[in-house]
Engineer: 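Sending over a structure as structure tokens; questions will come in a sec.
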Protein chains: 2
Amino acid sequence: MVGSARDVEIPLENQQIKQAGLKVTAPRVKILEILEQSGKRHMSAEDVYKALLSHDEEIGLATVYRVLTQFEGAGLVCRRHFEGGQSVFELNSGEHHDHLVCVKCGKIVEFLDTTIEKRQARIAAEEGFKIEDHSLVVYGVCPDCQKKRG
Amino acid sequence: MVGSARDVEIPLENQQIKQAGLKVTAPRVKILEILEQSGKRHMSAEDVYKALLSHDEEIGLATVYRVLTQFEGAGLVCRRHFEGGQSVFELNSGEHHDHLVCVKCGKIVEFLDTTIEKRQARIAAEEGFKIEDHSLVVYGVCPDCQKKRG
DNA sequence: GGTATACTGAAAATCTTTCGCATCTTGCCC
DNA sequence: GGGCAAGATGCGAAAGATTTTCAGTATACC
């Protein structure tokens with residue numbers, strides 16, 4: 001009646017990795033776990049690497065980059081290039097969205113606005129461009145940081 | 001009757017640099033000239049450096065970066081972080097605009113859409129954010145590149 | 001013109017990300 | 001269950017973009 005052993009032997013992560021056409025290896029499973037379990041939706045490769053270290057996982061930074069890039073290619077995660085050097089990765093939630101980033105504390109709010117999407121499509125069409133992707137990031141100061149420093 | 005010598009001794013670039021609170025030096029004047037005279041509105045530091053070399057100017061790449069960063073701080077130019085490694089700089093035209101970038105040939109089209117700007121402002125307000133800046137880049141394939149490869 | 005200050009060039013340092021290669025694992029067949 | 005080939009990993013080294021260091025030089029101002 002309680003789940004058989006098999007239930008825990010094939011966790012969801014493994015299936016996702018397998019479906020992506022990748023071998024199920026410890027680094028891949030661990031990285032996917034980190035992405036799912038860490039409270040942060042947006043993590044840099046360095047963040048993931050540090051999280052792995054704090055879980056006593058012996059995984060090289062190069063592997064983290066390699067795996068994240070593969071996950072990106074497989075559509076499991078999205079890579080974002082915000083200002084400030086490093087890229088951040090987030091689990092692919094299935095639907096596109098844009099970002100509001102606090103320049104003080106780094107807090108990130110996701111949003112989706114169909115009006116903006118439509119205008120973009122129209123503008124691209126007017127110029128004859130075929131859209132492949134787009135990136136909209138609004139930088140500002142979040143409510144908390146506004147309170148903290150007048 | 002013809003302009004006195006003074007007219008040509010104080011070109012506009014020098015005034016812009018001086019007003020920015022910077023000393024008028026050869027590298028700064030040359031870099032500003034390149035930005036104004038080159039046909040491209042968007043140049044990477046490397047582009048500027050190469051343009052200087054082809055004008056037989058002995059200016060180091062480090063200086064190009066330094067000067068462009070100072071110009072950015074002074075509001076003379078804007079720095080843009082598109083995907084693909086390097087930043088590009090453009091002369092500050094005074095009014096904000098967004099970009100449509102061809103992923104094949106790198107062509108860049110600027111556009112401004114008040115509907116999008118308004119929606120951004122509203123979204124930020126709903127989240128309590130005070131907007132400082134924003135970046136909207138639409139990546140696609142331009143008409144020319146669409147023709148070239150089906 | 002003289003001088004304090006700011007600027008420059010070249011090399012070295014940083015930082016993020018990727019590569020090369022020897023070694024180790026996984027997935028799969030028997 | 002063992003063996004094998006393809007694919008992964010880890011490490012250090014490399015690459016690419018940008019910044020810093022530092023000693024020498026030029027600029028602004030008196």
Side-chain angles (χ1 to χ4, degrees), chain A residues 9-11 13-32 34 42-50 52-53 55-74 76-89 106, chain B residues 9-11 13-32 34 42-50 52-53 55-74 76-89 106:
Chain A
E9 279 168 4
I10 308 180
E13 287 88 2
N14 295 23
Q15 297 181 43
Q16 295 178 285
I17 293 169
K18 193 163 283 182
Q19 281 171 20
L22 301 169
K23 285 187 180 175
V24 176
T25 64
R28 289 178 181 156
V29 174
K30 297 298 179 191
I31 289 172
L32 201 45
I34 293 288
H42 303 79
M43 301 183 80
S44 67
E46 193 77 32
D47 290 337
V48 173
Y49 178 60
K50 285 184 189 144
L52 287 166
L53 289 185
H55 283 59
D56 292 314
E57 298 294 342
E58 297 285 327
I59 295 177
L61 184 53
T63 299
V64 174
Y65 275 104
R66 247 185 320 232
V67 169
L68 287 173
T69 302
Q70 292 162 336
F71 282 0
E72 184 192 12
L76 275 144
V77 305
C78 294
R79 183 195 297 242
R80 310 278 182 183
H81 307 261
F82 296 158
E83 312 226 356
Q86 13 184 48
S87 301
V88 297
F89 297 83
Chain B
E9 279 169 2
I10 308 181
E13 285 90 1
N14 296 21
Q15 297 181 42
Q16 295 178 286
I17 293 170
K18 194 163 285 184
Q19 282 172 20
L22 301 169
K23 285 188 179 175
V24 177
T25 63
R28 288 177 182 157
V29 174
K30 297 297 178 192
I31 289 172
L32 200 45
I34 292 289
H42 302 80
M43 301 183 79
S44 66
E46 195 79 32
D47 290 338
V48 173
Y49 178 61
K50 283 183 190 144
L52 287 166
L53 289 185
H55 283 58
D56 292 314
E57 298 293 343
E58 298 284 327
I59 295 177
L61 185 54
T63 299
V64 174
Y65 274 105
R66 234 179 337 226
V67 170
L68 287 172
T69 302
Q70 291 163 337
F71 282 0
E72 183 193 12
L76 265 92
V77 305
C78 293
R79 183 196 297 244
R80 310 278 181 183
H81 307 262
F82 297 156
E83 312 227 353
Q86 12 185 48
S87 301
V88 298
F89 298 81

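By convention in this document, chain letters (A, B, ...) are assigned in the order of the sequence lines, proteins followed by strands, and residues within each chain are numbered from 1.
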Engineer: CG of B/Leu68 versus P of D/dA17: gap in Å, rounded?
Structural biologist: 15 Å
Engineer: What's the CD-P distance between B/Gln70 and D/dT27, to the nearest Å?
Structural biologist: 15 Å
Engineer: Calculate, to the nearest 0.5 Å, the distance between atoms CZ and CD belonging to A/Arg80 and B/Glu83 respectively.
Structural biologist: 9.5 Å
Engineer: Would you kindly give the CD-to-C1' distance between B/Gln86 and D/dT18, to the nearest whole Å?
Structural biologist: 11 Å
Engineer: Give the minimum heavy-atom separation between A/Lys23 and A/Ile17, together with the two atoms involved.
Structural biologist: O-CG2, 3.5 Å
Engineer: Provide, to the nearest angstrom, the distance between the CD atom belonging to A/Glu72 and the C1' atom belonging to C/dT17.
Structural biologist: 13 Å
Engineer: The side chain of B/Pro27 lies closest to which of these nucleotides: C/dT17, C/dT8, D/dT9?
Structural biologist: C/dT8
Engineer: Give, for atom CG of A/Asp47 and atom CG of A/Leu52, the distance between the pair rounded to the nearest 0.5 Å.
Structural biologist: 11.0 Å
Engineer: Any side-chain N or O of A/Thr63 below 4.0 angstrom from OP1/OP2 of D/dA8?
Structural biologist: no
Engineer: Heavy atoms under 4.0 Å, any strand shown: does B/Thr25 hit a base, just sugar-phosphate, or nothing?
Structural biologist: sugar-phosphate
Engineer: Could you state the atom-to-atom distance from CG of A/Leu61 to C1' of C/dT18 in whole Å?
Structural biologist: 10 Å
Engineer: Taking only N and O in the side chain of B/Arg66, is any of them less than 4.0 Å away from OP1 or OP2 of C/dC7?
Structural biologist: no
Engineer: Counting only side-chain heavy atoms from C-beta out, which of C/dG9, D/dT20, C/dC19 sits nearest to B/Ile59?
Structural biologist: C/dG9
Engineer: Please work out if A/Ser44 contacts a base, only the sugar-phosphate, or nothing of the nucleic acid, heavy-atom cut-off 4.0 Å.
Structural biologist: nothing
Engineer: Given D/dT18, is OP1 or OP2 found less than 4.0 Å from the side-chain N or O atoms of B/Ser87?
Structural biologist: yes
Engineer: Search all heavy atoms of B/Gln16 against all heavy atoms of B/Leu32 and return the closest pair with its distance.
Structural biologist: OE1-CD2, 3.6 Å
Engineer: So which one's nearest nucleotide on DNA chain C is more toward 5', B/Glu58 or A/Lys18?
Structural biologist: B/Glu58
Engineer: With DNA chain D as reference, determine whether A/Ala26 or B/Ala45 sits nearer its 5' end, using the nearest nucleotide of each.
Structural biologist: A/Ala26
Engineer: Examine the side chains of A/Arg66 and A/Thr63 and answer whether a donor and an acceptor come within less than 3.5 Å of each other.
Structural biologist: yes
Engineer: Can you tell me the distance, in whole Å, between the NZ atom of A/Lys23 and the C1' atom of C/dC24?
Structural biologist: 11 Å
Engineer: Contact class for B/Glu46 vs. all strands (heavy atom < 4.0 Å): base, sugar-phosphate, or nothing?
Structural biologist: nothing
Engineer: Distance check needed: D/dG10 C1' versus A/Glu57 CD, whole Å only.
Structural biologist: 15 Å
Engineer: Nearest-Å distance, CD1 (A/Ile17) to C1' (D/dG7)?
Structural biologist: 14 Å
Engineer: Checking contacts here: which listed nucleotide (D/dT19, C/dT18, D/dT27) is nearest the side-chain heavy atoms of A/Tyr65?
Structural biologist: C/dT18
Engineer: Can you tell which of D/dA6, D/dT9, C/dG9 lies closest to the side chain of A/Arg28?
Structural biologist: D/dT9
